[in-house]
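Worksheet for the structure shown next.
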Amino acid sequence: MDFIGAYSADHLTFLLNGFWLTLKMAFIAIILSFILGGVVGTLRFAKIPVLSQVLAVIVEIIRNLPLLLIIFFTFFALPEIGIKFKEVPAAIIALTIFEAAMLSEIIRSGLNSIDKGQMEAARSSGLSYFQALWHIILPQALRRMVPPTVSQFISLLKDTSLAVVISVPELTHQAQIVYGQKIGYLVPTLLVVMLMYFVVNFTLSILSRRLEVKRT
Amino acid sequence: MMNPKKFFKMAVLPAIAALILAGCGNSDTSSKSGSSEKTGVLAKIEKEDKIVFGVKNDTRLFGLKNPGTGEVEGFDIDIAKALAGEILGDESKVEFKEVTSKTRIQLLKNGDIDAIIATMTISEERKKEVDFTDVYFDAGQSLLVKKGSDVTGIDSLTGKTVLAVKGSTSSINIREKAPDANVLEFENYSEAFAALKQGKGDALTTDDSILYGMADEDPSFELVGGTFTEEPYGIAVNKGNEDFVKKLNEALKVLKDSGKYDEIHDKWIKKD
Amino acid sequence: MNFSILTNNIDMFLEGFKVTLMASVIALIASLLLGAFIAVLRIAPNKLLNWLGTIYVEFIRNIPLLIIMLFVYLVFNFKGLTAGTIALTIYTTAFIAEAIRAGILSISKGQMEAARSSGLTYGQAMRLIILPQAIKVVIPPLGNQFINLVKNSSLVAVIAGGDLMYQADLISARTLVVMDTYILVAMFYLLLTIPLSLGVGYLEKRLAKSN
């Protein structure tokens, strides 16, 4: 094992560059999937005939498929019907679709957890259905959703490592290049990569616990 | 028990949706999505004044990313630069995109790259998907083993485990030539070579050119049994760009005539 | 849809399905046992044991499964499928430990005290009184973990483990028919995960009613 060679300044910079892309991809995918998941979760909660059922089916299918398959599908299969993305956008889109399906469930159950009486009270005081949803239900539900949402984000950050299979130069991919040079670099490289993922994810999980404690 | 309506909603509908999805897949594959850029790649290259080549990043001697500089280096890279020098008059008018055996055709079809110069064998199967230039390197499939291994060639692979890379011609060839070997396929060469070094297989198979690079990196490995296929490398371009292929062929010829090709060849490929 | 992909390669699909199912079931059983053990460590009346449990759970939960898989495969002397199953177990154990811990904590403290004062040791009280009750609460989240496990088993493809996803890669590379191959493979995964997901939904409903 060659720790000194593996941890040369060049290698560490190379890995950090990869990690920077990992973080950027995760950040964009988090925002997009929160928006998409929010819309889908709310529409499903609102029980709009047909639309809610169709969304339920789509969400159920996506939630029950491996992310790796969704990434392959987005990058290798969609071009067969003329939908083409470069590697990084393909990875972000696949991550967004997958995590949005997960988040929509979190959001829907958050909304469901608010007492039904509140909706009725808001409606009878003259608000429309969506006004009541927006002003009364959603703000309360959002607070309950914070912890599961943060843990979903941690999953997402970890899931970006799968983008390695379509050659996105994120952290895991850079690690393969570093330890591909010399087998003595293998263990040191994997260890430092674990540490990088761990530091960010652990910080996020502590943050989410703080928020949870504050709320109660 | 679950009520039937619920069951319908949760189980039958997904199945229907999947079938619809499948249906779409079918109707569109028949219309074949082969590239139909009206402008043509050559026009784009002249407009942007650079050629975007898809290259390997994990193949020593041909295309290997140097973590120190972040640049890709190798035979393919130097040939690509020389080609740009001939076509656009300046060797620096190139851009390199890193590809793998599995992603390269897709990236070419997407229009992310103008040409593939990435240890790519000209094959009849691939000619249906892309166009190739003339041969720019003659490789052949071989075997890399730990020195002293009892694998001495393609005939001594019965019951042995051979490592290969997904989407490569060598993974298909080895199953034909050594049907009694157990073949394991990985995402890329750095993964496959790491697996060989860690004793996950008895031999690694791919083109000798790539294997020489690995033996060069770690001298405890050697090539055995010579080559058992011919793997002529070509530069791949999207279909319908005959003018660009012609330009590349002319440039290749100039490089060969001027001695520039031999210079690059000798720089990277060591003859044993 | 080109069903000839399915009929021509049915052996590979079935082999992959078998491997995926096997890896998932073995990893589930192993991580249930290990997860229960770690959960008990985390709530045992001993600071050192608590710490060990916490370190395991927090470390594993916060790193990607793919890295664990590459590590187990490349560093140790295991074949792809074995390494993959071990990595899946290491990873899933952390999540199952958390689910079981939450289940145990949901059983009132008074029960433990009552059991102890009636002469049972801590281990006996845990095994005979607390765990059986916790299991009921814990089954739906465990079901969800099993679904995740089936999905996560697809990463075995990266270390040539021969699972469904690996076979799909080989079939699509050989036939150059990508979309149909992946749709078929998606259906094989749904065949495993949708019934599980329906079952979990049903159990969750029943549990909510019984409370």
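Chain naming here is simple, since letters A, B, ... match the order of the sequence lines and numbering starts at 1 in each. Because the structure is a prediction, the values reported are computed rather than measured.
- Residue Leu196(C) does not touch chain A at all, counting heavy-atom pairs closer than 4.5 Å.
- Using a 4.5 Å cut-off between heavy atoms, Asn152(C) does not touch chain A at all.
- Defined by atom type and a distance below 3.5 Å, a donor-acceptor pair is present between the side-chain atoms of Glu99(A) and Gln152(A).
- Neither the backbone nor the side chain of Phe188(C) comes within less than 4.5 Å of any heavy atom of chain A.
- Heavy atoms closer than 4.5 Å to chain A are found in the side chain of Ile147(C), but not in its backbone.
- Side-chain atoms of Gln145(C) and Thr92(C) include no donor-acceptor pair closer than 3.5 Å.
- Contacts of Leu164(C) with chain A are absent, with no heavy-atom separation under 4.5 Å from either backbone or side chain.
- Ring centers of Phe75(A) and Phe85(A): at least 6.0 Å apart, outside the cut-off.
- Contacts of Ser161(A) with chain C are made by both backbone and side-chain atoms, with heavy-atom separations under 4.5 Å.
- Contact count versus chain A (heavy atoms, under 4.5 Å) is highest, among Val185(C), Thr181(C), Leu70(C), Val158(C), for Leu70(C).
- For the set Leu186(A), Ile183(A), Ile154(A), Thr160(A), the entry with the most heavy-atom pairs within less than 4.5 Å of chain C is Leu186(A).
- Of the two parts of Val164(A), only the side chain, counted from C-beta on, holds a non-hydrogen atom closer than 4.5 Å to a non-hydrogen atom of chain C.
- By the neighbour-count criterion of 12 heavy atoms within 6.0 Å, atom CD1 of Ile4(A) is sparsely surrounded, having that number or fewer from other residues, nucleotides or ligands.
- Salt-bridge check for Lys136(C) with Glu204(C): failed, with every basic side-chain N at 4.0 Å or more from each acidic carboxylate O.
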### Task
For ring-ring contact (aromatic ring centres under 6.0 Å, His included), just list the numbers for Phe76(A) and Tyr182(C), CA-CA rounded to whole Å, side-chain angles, deciding distance to a tenth of an Å, and then say yes or no.
CA-CA 9 Å; Phe76(A) 291 111; Tyr182(C) 285 118; 7.2 Å; no
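- Ranked by heavy-atom pairs shorter than 4.5 Å toward chain C, the options Leu195(A), Leu68(A), Leu78(A) are led by Leu68(A).
- Remark: the Tyr189(C) side chain and the Ser153(C) side chain contain no N/O donor-acceptor pair separated by less than 3.5 Å.
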